[in-house]
**Student:** 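Please read through the structure below; I'll follow up with questions.
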Amino acid sequence: MSRTLFEKIIAREIPSTVVYEDDLVFAFKDIHPQAPVHVLVIPKQPIPRIAEALPADQAVLGHLLLKAGEIARSLGLEKNGFRLVFNNGPDGGEAVPHLHCHILGGRQMGWPPG
Ligand code: AMP
């Protein structure tokens, strides 16, 4: 299977601005930010999307969410708030088939989302 763009970012074959990394997850700044703070948190193992996650992925998904909260706090987003987004499939607006959590903050978010 061909490697995803995000696997190449994890391997540093494609440059990114790294925000956080550990054994299970990798976080980096989105190249087309949709808010003053826009960071992507991804599992190092390439789960395509949340609808294809398996029971065996439970630990990494829990870890990813905990780290998303920690990263948001570390970026100063806790007081005013922020949004976490997982786009899944065509209607969800997913462009990269490697599960990723968008952390968006630094401005008022709209609802419903576009
Ligand atoms: P999604 O539409 O949910 O699949 O989100 C994919 C995100 O990846 C978009 O917000 C893109 O701006 C972002 N993206 C694509 N290529 C890169 C890259 N080379 N470095 C950082 N972010 C990227």
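What you see is a predicted model; the values in this text were computed from it and never measured. Order of listing sets the numbers, starting from 1, for every ligand and every atom in it.
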**Student:** Would the H98 and H100 ring centres measure less than 6.0 Å apart?
**Tutor:** no
**Student:** Among residues at least two apart in sequence or on other chains, which ones pass side chain to side chain donor-acceptor pair (under 3.5 Å) with D23?
**Tutor:** none
**Student:** So, taking the atom named CD1 in I31 and the one named CG in L40, what distance separates them when rounded to the nearest 0.5 Å?
**Tutor:** 10.5 Å
**Student:** Would you mind writing out the side-chain donor-acceptor pairs for residues 80-90 within the sub-3.5 Å range, not counting sequence neighbours?
**Tutor:**
from: R83; atom 1: NH1; to: G110; atom 2: O; distance (Å): 3.0
from: R83; atom 1: NH2; to: G110; atom 2: O; distance (Å): 3.1
from: N88; atom 1: OD1; to: I50; atom 2: N; distance (Å): 3.3
from: N88; atom 1: OD1; to: A51; atom 2: N; distance (Å): 3.0

**Student:** Which protein residues have a heavy atom closer than 4.0 Å to any atom of ligand 1, listed by chain and number?
**Tutor:** L5, F6, I9, F28, K29, D30, I31, H32, L40, N87, G93, E94, A95, V96, H100, H102
**Student:** Classify the ring geometry of F6 against F28: parallel below 30°, tilted from 30° to 60°, perpendicular beyond 60°.
**Tutor:** perpendicular
**Student:** If the condition is side chain to side chain donor-acceptor pair (under 3.5 Å), which residues does E13 pass it with, not counting sequence neighbours?
**Tutor:** R3
